[in-house]
Amino acid sequence: MNLSSEIQQYSILLFIAFAVGGMIFAIAYPYFSGSAQTAKRVAQVTRKDGGAKSGGFRARLMEDSKDSRRRQIQESLQQFEQTEKKKRKKVTLRSMIMQAGLDISLQAYFMASAIVGALFSIGILISGVPMIVAVVGGLVGALGLPRWFLSYLRRRRQEVFLTDFADAIDVMVRGLKAGLPVTDAMKVIATESGPPVGPEFMEVVEGQRVGITIDQGIERMYERMPLPEVNFLSIVLAIQSKTGGNLAEALNNLSVVLRDRKKMKGKIKSVSQEAKASAAIIGSLPFCIMGGLMVLNPEYLNPLFYTKLGN
């Protein structure tokens, strides 16, 4: 009886050992055989719903292509930033004449400045003011007034350019959607748009005939018209030529951005106009009162000019 009970106990222990070993073998077998790694790889490629569909793998490929395009765009933007830092320099007088749209030489500008200064000096001397005032007036007329007039022409030309620039981009978008190449679309702008937009794009089109690329032509346009909007166009064309994509859609987005910037500038101008008008009135009031007194009662202000205390 004792022998039979011991046999039964050993049999039960042996059965339990075989069961535990089988469970351990069943759990650890995939890791030894490599099937776990295979299942993990399949789970990454396929969708989470269990169906091995080709859409998941295709989506991964599309995401990889988007990531590479983002990297290319980021590298292009970094290159543009470095180029912009190199371009930032003081505006020379020759550049101001070119940006104002004037076709004159530096010699003609200096000659006109000297004539204006001489006229100012002669006019002040005729009015009976001391010589030192005439000299100062001549310097202001020779150095300040011509440069101010040049800046005024430059600023007015840029404002006219911005007014028509968004419409020119829309013309380019419609031409690209109709199947025209970029060069022909720019040629339409050059022939149909008025100055200064038309002549600026005509410079780009004419430059392509002598081997200047579109990117280089837009960079030269930025030198003649140093506006952020022109720089935006240069960046869009350069990135599209390097990374590809729908140029018409990119230019359409650029047109929307340009119109939004124009609206924002108009809002800022309208909001700040009240403060500017108040400052102009307060600033000009002393001079207006002084001018009125010199006309109505000239002797009243004589102590300011002819006495030591007034001087």
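Look at Glu203 and Arg220 and you find no salt bridge, because none of the NZ, NE, NH1 or NH2 atoms lies under 4.0 Å from a carboxylate O. Salt bridge absent: Asp260 and Lys265 never bring a charged side-chain N and a carboxylate O closer than 4.0 Å. Under a 4.0 Å N-O distance rule, the pair Glu159/Arg156 does not qualify as a salt bridge.
No donor-acceptor pair closer than 3.5 Å links the side chain of Ser234 to the backbone N or O of Glu219. Looking at Ser193, its side chain never comes within 3.5 Å of a backbone N or O of Ala190 through a donor-acceptor pair. The backbone N or O of Thr307 sits less than 3.5 Å from a side-chain atom of Asn311, completing a donor-acceptor pair. No donor-acceptor distance shorter than 3.5 angstrom exists from the side chain of Ser255 to the backbone of Leu251, with no hydrogens or angles considered. Between the side chain of Arg157 and the backbone N or O of Gln99, at least one donor-acceptor pair lies under 3.5 Å. At least one donor-acceptor pair closer than 3.5 Å links the side chain of Asn253 to the backbone N or O of Glu249.
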Practice task
Evaluate side chain to side chain contact (heavy atoms under 4.5 Å, CB included) for Ile97 paired with Asp103, printing each intermediate quantity in order.
Solution key: CA-CA 8 Å; Ile97 294 173; Asp103 190 11; over 6 Å; no
Practice task
List the steps and the verdict of side chain to side chain contact (heavy atoms under 4.5 Å, CB included) for Tyr222 and Leu233.
Solution key: CA-CA 10 Å; Tyr222 180 70; Leu233 177 61; over 6 Å; no
Practice task
Carefully, step by step, assess Thr92 and Met98 under the rule side chain to side chain contact (heavy atoms under 4.5 Å, CB included).
Solution key: CA-CA 10 Å; Thr92 60; Met98 179 179 62; over 6 Å; no
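Using modelled atom types, one finds no donor on one side chain facing an acceptor on the other under 3.5 Å when comparing Gln208 with Thr213.
Within 6.0 Å of CZ in Arg94 there are 12 or fewer heavy atoms belonging to other residues, nucleotides or ligands.
The OG1 atom of Thr163 sits 12.5 Å away from the CZ atom of Phe165 when rounded to the nearest 0.5 Å. Between the OG atom in Ser113 and the CZ atom in Arg147 there is a gap of 8.5 Å [rounded to 0.5 Å]. The CG atom of Asp170 sits 7.0 Å away from the CG atom of Asn252 when rounded to the nearest 0.5 Å.
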